[in-house]
Structures are given as structure tokens and as C-alpha cells.
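This report concerns only the one structure given below.
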Protein chains: 2
Amino acid sequence: MATRIVEPEAGPRSKRAAILAAAVDCFGETGFEATKWSTVAERVGIGQTALYHYFESKTHCLLTIMRLELQRSHDKFTEATEGVEDPTEALRAAVRAAYDVSDQEVLQMRILHNHMDLLSGTRKSKREEAERVEARKLVQLVERNWTNLLVRGMSMGAFPLRDAQLLGSGVLGLIVSVWRWYRPSGPTPLSEVSELIEGACVRMVAT
Amino acid sequence: MATRIVEPEAGPRSKRAAILAAAVDCFGETGFEATKWSTVAERVGIGQTALYHYFESKTHCLLTIMRLELQRSHDKFTEATEGVEDPTEALRAAVRAAYDVSDQEVLQMRILHNHMDLLSGTRKSKREEAERVEARKLVQLVERNWTNLLVRGMSMGAFPLRDAQLLGSGVLGLIVSVWRWYRPSGPTPLSEVSELIEGACVRMVAT
DNA sequence: AACCTGAATTGAACTGAACTCAGGTTGATC
DNA sequence: GATCAACCTGAGTTCAGTTCAATTCAGGTT
């Protein structure tokens, strides 16, 4: 049912990965609107028009980055929580997993959450729309992950009963709000953020 | 010290307010990038170029909307909390105030938080940069409002001691994360959201 | 009433970045 | 070493945002 998009298998001299990496850097540092599509081409070392061999548009590239990051987040959540039966421990593990990211992934998170609104409206071109739909599915999956975690905790009596959906999006909102301001070069280390948010989440859902 | 920008005093036939209102509708519903500047002009009933009599650019208009919304938020916070000496009650009042908004203000919130990243980098044109700087100042003011509330609660023994700045941006992040998904036409009434988040915030900062 | 001023407006032209097109190059494979 | 798809390019198109010179309009002055 989770129809994962087939990644175009990379021909040996494909620059797709290099383009994605360069785009993540540019979009993450400078912002999507502010970075010229041609700058990404330059950084990869190809002409601007070559980009269109790999991506239908600048936006198609952005949506691809977003989908990949969502896939990663979802996988990480699953990996971190599976087999942890105590709900509170599962919640803690999920939060820690959310902040166990590389600098590159921080950028991807920033890009993702700065352009969530793109996922609302339908896109005109085929491949853009495919990525958008897939990304939306993943968003819902991630939301369900968190909601289910809370539902399980509530039914097991570990968390008091509340609107799990609403509380879930609250927890998720709290966690991702960090990507708005966090900078690897900033004064606050991510480990500190992780600890504080972990505690906050636990208190939020507990008594 | 808080150098509030002097609103250009409205000549009797100024369309500035009408443009702002139309822009909030368009930017809020369709998204800033997706709405054509000329559409805003149409909705107001003037030619596109007339817009430039009031705003230096499409972005200048956006930044103005953002600043106005920040000013409103700040005022509302102050009004809701001043004179409330019990920290928990002040926190509750602040959260309730944050969600005591009209449908128009929901749109403005959405616009504001979808384009926070604009406030990071400097702008080229004068008036855009003026709005940006002012908006940034207001963001810091709002953050300080929440941090101070927590600091006061901690020093009074109402909240356990924690990194107030980090926790403050957490609380704020949780509160504004709602504007990402909330729709007045949606299934969840804002009052319900307000209650759940109010409780969550209190638990987050308390024991 | 004739005149003046500045705010408000406009149509036509400009700009620049995203994108298209019609072909050319490369290199893995047979 | 011929083939063919993957890969790439320069020249040109498009289109939304923007500029500009010129015009209208409303309210006040003489």
C-alpha cells in the first residue's frame, strides 16, 4: 500500500545525487526562492539546462528533497521504536531519534518544514504531482506513527486519555519547530535541545 | 527603544488597507509564491502598477503583513498577561490569548509562520529592509515575553528550574505549530485546540 | 472660475530567472 | 567500431515582477 516511488536507477555517470546534494546546500543555506536554479548547476559543474534531464523543474527537485527527508524520518522513527514495549520509553526513543541527525539532514529538515505548504495544493506537472502526493502520504504516515504511539500509551494506562490526534500533532509540532531556529554553528548543541524536548514531550503526554 | 514604524498616514482615498486585506486573503489561501501580484491588484480594482505607489514590491507587502501580525501578537500577549501575578495563570492567559483570533488573523498567522525565514537574510531595498528589521525586533520581543514569563515562574518557585530560553521557544513553537494545519473550516474548533495546548504548555513547564 | 500641488493611476516597455527546443556529445555494450 | 540511450549544451521563449514617463484626480489657493 505504501507505494514508494521508484528511484530512477542511477546510470553510472548520473549527476542526480550530486544535484540533490548541491540543492540541499543551496536551498538550506540561502533559501529555495533566493537561490538561482543556475547556481545549483554551477556548483555541480554542468550547464543549467542539464538539470532538466534529471528534474522537471526547480520545484520538482525541492519536492524530491522533501520526500526523501520524510522517508528518512519515517524509517528512523520505525527503527527507533520497534520492539520498545514501554510507551514512555518508546516516546523518548522516538524523540532522540528525531534529533539524531547529520548537519546535512538538519538542512533537509529546514527545507522540508519551510515548504510544507507546497504539499497542500495540487501541482500541474506529472512528476511534481507524483512527488507531492507521495510526500503527503508520508506526512500522514509520520503523523500516524506519533498518534499510534500515544494511543498505545493511553490504552496501556501509561498516559492519561486525551485527544491523541491533536496531542500527537502538538508533540510533532514541538519537535520540528526546532528546525526553524537551530543552526549547527549556533550556541546550543543539539544534544541539549534533544534532552530538553524529550523531557517536555514526556511531561506533555503524561500526568 | 521599540522604534515602531510610522504607518504612512492614510490619505482619504488611499487603498493601502484594501491592498493589505486582499493580499492577506490571497497569500493566506493560495500562498505567497503562488499568487500573482496582479491578482491582488485585480481584487482591489486597480492596475498592477498602482500597487507600487503603496508597496515597493510584492515582498515588501508580505513583510508589512508579517510585521503587523507580530505587533498584534505582542500587544495581545501584553494585554492578556499584565496584572496576572500567578505565573501558571499568566501562562494560561497567554495561550488563550494566542488562540483568540479572527479568521483573518488565522490567515495572517499562517502567512507569518510560513515565511519566517525571510527575516534572516538582509534585503536589498530600503523599505523592505526596514520592515524586516522591525519584524525581527518584534520576534525577539515576543520570544522574550515568553521567556520572561517562564523565568518569573521559575524564580517564584511555580515552575522547576530549566533552560528558560530553550523551553520558551519550545512553548512558542508548540503554540504556533498549529497555524500550519488549522483551518477555520476544518473539523477541529479552535477552542478545542486552545484548551489542549493550554494544558500541554502548563504540563511542559511544570513538574 | 482659473490655477496649483501632490497623491493616485496607467500603458508600454524592461528584466531576469525559469524553462523549452533542436540538436550535439559521450561512453557502455554488442 | 557501430549503435543507442543517457547525458549535455547554446540559443531562444515565456512570464511575473518591476520601472518609467506621462496622465488623471481631488482638494486647496488666489
Side-chain angles (χ1 to χ4, degrees), chain A residues 6-23 26-27 29-65 111 115 118 121 123-129 131-132, chain B residues 6-23 26-27 29-65 111 115 118 121 123-129 131-132:
Chain A
V6 278
E7 298 295 337
E9 64 246 63
R13 60 195 167 118
S14 168
K15 300 236 170 67
R16 206 183 113 99
I19 292 170
L20 281 170
C26 292
F27 296 169
E29 307 284 3
T30 319
F32 174 71
E33 314 295 343
T35 68
K36 294 185 219 170
W37 200 204
S38 62
T39 304
V40 176
E42 260 176 46
R43 193 171 291 206
V44 176
I46 57 180
Q48 352 181 6
T49 52
L51 293 171
Y52 293 91
H53 181 69
Y54 301 96
F55 297 101
E56 214 170 15
S57 66
K58 192 184 169 191
T59 305
H60 178 223
C61 177
L62 172 64
L63 285 165
T64 303
I65 292 171
I111 295 167
H115 297 94
L118 260 187
R123 304 256 99 209
K124 288 179 183 163
S125 74
K126 269 281 164 58
R127 296 165 70 196
E128 272 184 27
E129 179 64 5
E131 290 286 5
R132 189 197 68 98
Chain B
V6 278
E7 298 296 336
E9 66 245 62
R13 60 197 170 114
S14 167
K15 300 235 170 67
R16 204 183 114 99
I19 292 170
L20 281 170
C26 292
F27 296 170
E29 307 284 2
T30 320
F32 173 71
E33 315 295 343
T35 69
K36 293 186 221 171
W37 200 205
S38 61
T39 304
V40 176
E42 259 176 46
R43 193 172 290 208
V44 175
I46 57 180
Q48 357 179 8
T49 52
L51 293 170
Y52 293 90
H53 181 68
Y54 300 96
F55 297 101
E56 215 170 15
S57 66
K58 193 185 170 192
T59 305
H60 178 224
C61 178
L62 172 64
L63 285 165
T64 302
I65 291 171
I111 295 168
H115 297 94
L118 261 187
R123 304 256 99 210
K124 289 181 182 164
S125 74
K126 269 282 165 56
R127 295 164 70 196
E128 272 184 26
E129 178 64 4
E131 291 286 7
R132 193 201 65 120

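In what follows, chains carry the letters A, B, and so on, assigned in the order in which the sequence lines appear, proteins first and then strands, with residues in each chain numbered from 1.
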A:Ser57 vs A:Glu128, side chain to side chain contact (heavy atoms under 4.5 Å, CB included): CA-CA, chis, key distance, verdict: CA-CA 8 Å; A:Ser57 66; A:Glu128 272 184 27; 2.4 Å; yes
Sugar-phosphate only, base, or nothing, as touched by A:Thr35 at under 4.0 Å among non-hydrogen atoms: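 Sugar-phosphate, backbone atoms only, no base.
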Under 4.0 Å protein heavy-atom contact, by nucleotide of nucleotides 1-12 of chain D - B base, S sugar-phosphate only: -----BBSBBB-
Atom-to-atom span, [atom1] of [X] to [atom2] of [N] - whole angstrom:
X: A:Phe27; N: C:dA18; atom1: CZ; atom2: C1'; value: 12 Å
X: A:Glu33; N: C:dG16; atom1: CD; atom2: P; value: 19 Å
X: B:Lys124; N: D:dG17; atom1: NZ; atom2: C1'; value: 14 Å
X: A:Lys126; N: C:dC19; atom1: NZ; atom2: P; value: 18 Å
X: A:Phe55; N: C:dC19; atom1: CZ; atom2: P; value: 13 Å
X: A:Tyr52; N: D:dT14; atom1: OH; atom2: P; value: 15 Å
X: A:His60; N: C:dA18; atom1: NE2; atom2: C1'; value: 16 Å

Worked check of side chain to side chain contact (heavy atoms under 4.5 Å, CB included) between B:Leu63 and B:His115: CA-CA 9 Å; B:Leu63 285 165; B:His115 297 94; over 6 Å; no
Rounded distance (nearest 0.5 Å) linking atom OG of A:Ser125 with atom CD of A:Glu131: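 One gets 10.0 Å once the value is rounded to the nearest 0.5 Å.
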B:Ile19 CD1 to B:His53 NE2 distance, which is reported to the nearest 0.5 Å: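 Between B:Ile19 CD1 and B:His53 NE2, I get 9.0 Å after rounding to 0.5 Å.
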Test: A:Lys58 cationic atom under 6.0 Å from A:Phe32 six-membered ring centre, within 45° of axis: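 Because its charged atom sits under 6.0 Å from the ring centre and within 45° of the axis, A:Lys58 does stack over A:Phe32.
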Nucleotide opposite D:dC8 in a Watson-Crick or G-U pair, distances under 3.5 Å: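 With both distances under 3.5 Å, D:dC8 matches C:dG23.
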Audit row: B:Phe55, B:Leu62, side chain to side chain contact (heavy atoms under 4.5 Å, CB included) steps and yes/no: CA-CA 10 Å; B:Phe55 297 101; B:Leu62 172 64; over 6 Å; no
